[in-house]
Amino acid sequence: MKSIKIKEIKEHLNEEVLLQGWVRNFRKASSKLRFVIFRDGTGELQAVASKPDMGAENFAKVKDLTIEASVKITGIPQKHPHKEGVYEFHLRDVEIISSSPDYPIGKKEHGPDFLLSVRHLWLRSPRQAAALKIRHTVYFAICEYLNDHDFYRFDSPILTPNASEGTTTLFEVPYFDLGSAFLSQSGQLYLEAGIMSLGRVYDFGPVFRAEKSKTRKHLTEFWMMDAEAAFVEHRENLQIQEDLIRFVIRSVIAKNLPELQLLERDIARLKKADAPFKCCTHREAIDFLKGKGVDIGYEDDFGAPEEELITTDSDVPVFIEKWPKSIKSFYMKRDPENADLVLGADLIAPEGFGEIIGGSQREDDYEILKNRILAEGYDLENYEWFLDLRKYGSVPHSGFGIGLERLIQWMSGIRHIREVIPFPRMINRIYP
Ligand code: 4AD
Ligand code: MG
């Protein structure tokens with residue numbers, strides 16, 4: 001007998017086949033009729049178990065099924081009598097591979113603490129599986145766009161001697177006789193070396209921030225895609241980001257309609273975001289917020305409520321550019337029109353999903369960069385290599401970093417970041 005996957009079901013109508021998977025749920029219709037929902041990772045299927053069709057012996061095995069038991073089932077796929085595009089499976093026999101007594105996640109509502117403590121099982125739930133399928137699409141869409149636009153993958157190290165995004169969120173690890181190493185906050189600095197060899201590069205992997213904040217948007221371990229390009233200046237940097245994000249939106253809509261529907265994502269809102277993005281300066285954003293009655297100064301960063309206000313009337317993401325240098329990283333290039341500002345931009349997603357990208361043109365002048373490093377109080381010794389890049393054939397260059405989970409949150413409409421990564425790492429949780 002042919003073993004098939006649920007997604008292939010329509011190619012095997014009226015043919016006896018074997019499926020392997022898990023029991024999602026079941027329902028008793030009468031003493032002779034039961035419905036069982038099976039899943040196998042490629043899809044879900046309703047199986048009809050009828051005592052007269054299966055015989056008493058096989059029907060008795062159906063009664064032994066438990067939620068999340070693993071099973072092999074044989075039967076005949078048929079078109080649903082009334083629903084177009086829906087298929088049913090007429091069960092012939094069931095073999096329990098491994099039972100699942102007292103599966104801890106039931107039909108009743110569970111609190112997030114409990115669900116996080118059984119994250120290894122919670123992953124099987126429909127919402128969680130849908131979020132992870134969207135994650136898969138977003139990941140590969142980003143890679144596809146970059147690959148098609150001449151960016152080489154360039155893997156930056158995770159153990160590093162220095163900070164890229166400030167010292168307050170560094171994770172320190174003992175490192176043999178050399179003292180301490182730090183877990184990377186972003187591969188950016190290494191990518192800046194990569195572009196001087198390959199022109200355009202990107203990395204994509206876990207980064208670490210010892211964030212003290214317990215919010216719906218912060219993890220201590222999250223995935224970042226950093227991209228970097230030689231001879232690209234501030235404006236073009238924003239254009240690349242916009243094109244890339246719009247490509248991701250179209251990919252998710254094309255590949256994940258069932259998941260978006262299951263998550264009740266407002267797809268029309270996503271479609272509207274696939275249009276030219278808006279851009280304003282940090283100063284303009286502050287003036288706008290002041291006009292709305294927010295108590296904020298010209299050298300302040302934004303919190304979640306401010307980010308939400310800035311995008312409330314916008315269908316598309318908004319770039320906030322030209323930040324005061326006092327609140328941005330040392331590597332950002334000074335604005336030639338105003339030495340107090342830097343050519344950096346954050347991209348804020350609509351619908352309250354907040355900052356999804358941080359990027360900038362990079363300081364390419366040796367003396368200015370050296371002074372910025374000293375002003376941060378960093379140990380120059382650890383940044384000699386980075387300064388070398390401004391000594392030997394420096395060029396104008398720019399880049400940006402996408403927070404993968406933030407982008408998935410926006411695409412999927414999932415409000416809490418802990419649901420868009422398989423095993424979330426947060427300040428108060430490391431298990432499982
Ligand atoms: O804005 P950030 O800190 O920028 C950088 O690290 C640059 N070196 C990137 C670059 O230019 N190559 O981080 C980039 C993005 C943010 O916009 C946000 O989406 C996400 O990473 N992010 C987080 N996501 C989850 N949890 C956290 N704690 C995050 N911190 C930043
Ligand atoms: Mg940022």
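Note: hydrogens, waters and symmetry copies are ignored here, and every other heavy atom, side chains too, is used. Keep in mind it's a predicted model, so treat the numbers as computed, not measured. One-based numbering, in listed order, for ligands and for the atoms of each.
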For Ser164 and Gln188: C-alpha separation, side-chain torsions, deciding distance, then whether side-chain hydrogen bond (donor to acceptor under 3.5 Å, both in side chains) applies. CA-CA 8 Å; Ser164 69; Gln188 178 200 322; 5.9 Å; no

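Of the charged side-chain nitrogens involved, at least one lies within less than 4.0 Å of a carboxylate oxygen, so that Asp113 and Arg429 count as a salt-bridged pair. Glu264 and Arg127 are not joined by a salt bridge, as no carboxylate oxygen comes within less than 4.0 angstrom of a charged side-chain nitrogen. Salt-bridge check for Glu351 with Arg265: passed, with a basic side-chain N closer than 4.0 Å to an acidic carboxylate O. Ion pairing between Glu405 and Arg135 holds under the 4.0 Å rule for side-chain N and carboxylate O. Taking the charged nitrogens against the carboxylate oxygens, Lys217 and Glu308 have no contact shorter than 4.0 Å, which rules out a salt bridge. Taking 4.0 Å as the cut-off between side-chain N and carboxylate O, Glu419 and Arg119 do not count as a salt-bridged pair. Salt-bridge check for Arg250 with Asp274: passed, with a basic side-chain N closer than 4.0 Å to an acidic carboxylate O. Salt bridge status for Asp364 with Arg390: absent, with no side-chain N to carboxylate O gap under 4.0 Å. Under 4.0 Å is where a charged nitrogen must lie from a carboxylate oxygen, and between Lys278 and Asp313 no such pair does.
With a 4.0 Å cut-off on non-hydrogen atoms, Phe222 touches ligand 1 through its side chain and not its backbone. Looking at Glu355 against ligand 1, both its backbone and its side chain come within 4.0 Å, counting heavy atoms. Proximity of Lys217 to ligand 1, defined as any heavy-atom pair under 4.0 Å, is confined to the backbone N, CA, C and O atoms.
Met224 counts as a contact of ligand 1, since one of its heavy atoms falls under 4.0 Å from the ligand.
Listed by number with element, the atoms of ligand 1 under 4.0 angstrom from any heavy atom of Tyr331 are 7 (C), 8 (N). In the vicinity of Ile417, heavy-atom distances shorter than 4.0 Å reach the ligand 1 atoms 25 (C). Which parts of ligand 1 touch Gly403 is read off a 4.0 Å heavy-atom cut-off, strictly below it: atoms 15 (C), 19 (O), 20 (C), 21 (O). Interface atoms of ligand 1 facing Arg362, defined by a heavy-atom separation under 4.0 Å, are 10 (C), 11 (O), 12 (N). Listed by atom number, the atoms of ligand 1 under 4.0 Å from Ile356 heavy atoms are 17 (O), 19 (O). Counting atoms of ligand 1 from 1 in the listed order, those under 4.0 Å from a heavy atom of Gly401 are 9 (C), 10 (C), 11 (O), 12 (N), 14 (C), 15 (C). Within the listing of ligand 1, atoms 28 (N), 30 (N) sit less than 4.0 angstrom from a heavy atom of Glu211. Counting atoms of ligand 1 from 1 in the listed order, those under 4.0 Å from a heavy atom of Asp226 are 9 (C), 10 (C), 12 (N).
The protein atom (non-hydrogen) at minimum distance from atom 18 (C) of ligand 1 is Arg406 NH1, 3.6 Å. At the top of the distance list for atom 4 (O) of ligand 1, counting protein heavy atoms only, stands Glu165 OE1, 4.1 Å.
Here atom 26 (N) of ligand 1 lies nearest to Leu219 when heavy atoms of Asp203, Leu191, Leu219 are compared. For atom 6 (O) of ligand 1, the nearest non-hydrogen atom from the set Gln185, Gln188, Arg209 comes from Arg209.
Partners of Phe222 under the ring pair (Phe, Tyr, Trp, His ring centres under 6.0 Å) rule, at least two apart in sequence or in another chain, do not exist in this structure.
You'll find the ring centres of His282 and Phe302 inside the 6.0 Å limit.
Taking the six-membered ring for Trp and thresholds of 30 and 60 degrees, Tyr383 and Tyr378 have nearly parallel ring planes, at less than 30 degrees apart.
A cation-pi arrangement is absent between Arg372 and Tyr331, since the terminal nitrogen or guanidinium carbon is not both under 6.0 Å from the aromatic centre and inside a 45° cone about the axis.
Excluding waters, the protein N/O/S atoms found under 2.8 Å from the Mg ion (ligand 2) are Glu355 OE2.
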